Amino acid sequence: MRLLGSVKEDPSWVDAILEWRWTWHLARLGLASAYLLGGIVKLSDFSAAIAEQEHFGFHPGWAWAAAAIAVELIGSIFVITGRLVWLGAGALGVLTAIAIFAASPFWTMQGQARFMATNSFFEHIGLIAGLIMVAMLAERSERRSVDRSY
């Protein structure tokens, strides 16, 4: 007896969730939400955003803060709206990669700090993978739409 049915079949409730018309929109919103909020918070306290950039060794801090805000806000909007998803997800992924190497250099740490930085590093690697997947799915969806138009 199999609890979840055939290995080849999803349970019907899983299919219902995945096929619900709002799942794709909510997933993109969820993926981009931390970036969107981060951009808004940085924009609302630009001096703190500058200090954060300088804390991690990025100078001039104002330029890095402005770039981070622009990428977080514009990239999030692209991902959420489903327009230029590849560009938004790519920009957010690059920003995340830069941030994890600056903020989570676990290889230079010891003890509990190393443990926490390692977890943060790999959580952010997972986030980058999620951004890649959303770009891949958006591209696949776009190709299907174009194929159907002929």
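Keep in mind the model is a prediction, meaning the values are calculated, not measured.
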query: Hey, quick one: are V71 and V79 part of the same hydrophobic cluster, counting side-chain heavy atoms closer than 4.5 Å, chains of contacts allowed?
result: yes
Euclidean distance, L131 CG relative to T96 OG1, rounded to 0.5 Å: 6.0 Å
query: Should V94 and F56 be regarded as members of a common hydrophobic cluster, given that ILVMFWY residues are connected when their side-chain heavy atoms come within less than 4.5 Å of each other, either directly or indirectly?
result: yes
- prompt: What pair of heavy atoms forms the shortest contact from I80 to A32, and how long is it?
  reply: CG1-CB, 3.7 Å
query: Cluster question for you: counting only ILVMFWY and a side-chain heavy-atom cut-off of under 4.5 Å, with indirect links fine, are L87 and V85 together?
result: no
statement: Closest heavy-atom pair, S76 versus Y35, reported as atoms and distance to 0.1 Å, is OG-CB, 3.2 Å
query: Applying the 4.5 Å side-chain criterion to the ILVMFWY set and letting contacts propagate, would F78 and L73 be lumped into a single cluster?
result: no
- request: Looking only at non-hydrogen atoms, find the nearest pair between A65 and I50 and report the distance.
  value: CB-N, 4.0 Å
statement: Distance col, row H59:NE2 vs W64:CH2, nearest 0.5 angstrom, shows 11.0 Å
message: Rounded to the nearest 0.5 Å, what separates atom CG in N119 from atom NE2 in H124?
response: 11.5 Å
message: Could you tell me if the side chain of W20 sits less than 4.5 Å from the side chain of L26, heavy atoms only?
response: yes
- prompt: What do you reckon, is CZ of F115 surrounded by more than 12 foreign heavy atoms closer than 6.0 Å?
  reply: no
field: S141 side-chain N/O to A138 backbone N/O, donor-acceptor pair under 3.5 Å
entry: no
field: Parallel, tilted or perpendicular: ring planes of F101 versus F121, cut at 30 and 60 degrees
entry: perpendicular
field: F46 and W62, any side-chain heavy atoms less than 4.5 Å apart
entry: yes
task: Working to the nearest 0.5 Å, report the span between CG of L127 and CD1 of I100.
output: 9.5 Å
- request: With rounding to the nearest 0.5 Å, note down the distance linking CD1 in I69 to CG in L95.
  value: 11.0 Å
query: How about W107: does its CH2 atom have over 12 heavy atoms from other parts shown lying under 6.0 Å from it?
result: yes
message: I'd like to know whether CE of M109 has more than 12 heavy-atom contacts from other residues, nucleotides or ligands below 6.0 angstrom.
response: yes
task: Output the distance between atom CZ (F106) and atom OG (S120), rounded to the nearest 0.5 Å.
output: 10.5 Å
message: Does W86, at its CH2 atom, have more than 12 non-hydrogen atoms belonging to other residues, nucleotides or ligands within less than 6.0 Å?
response: no
field: Flag if over 12 foreign heavy atoms under 6.0 Å of CZ, R114
entry: yes
- request: Using a 4.5 Å cut-off on heavy atoms from C-beta on, say whether the side chain of I128 contacts that of L92.
  value: no
message: With a 4.5 Å cut-off on side-chain heavy atoms, are L18 and W24 touching?
response: no
query: Can you list every pair that meets side-chain hydrogen bond (donor to acceptor under 3.5 Å, both in side chains) and has a residue in residues 41-51, with sequence neighbours left out?
result: K42-E72, D45-S47
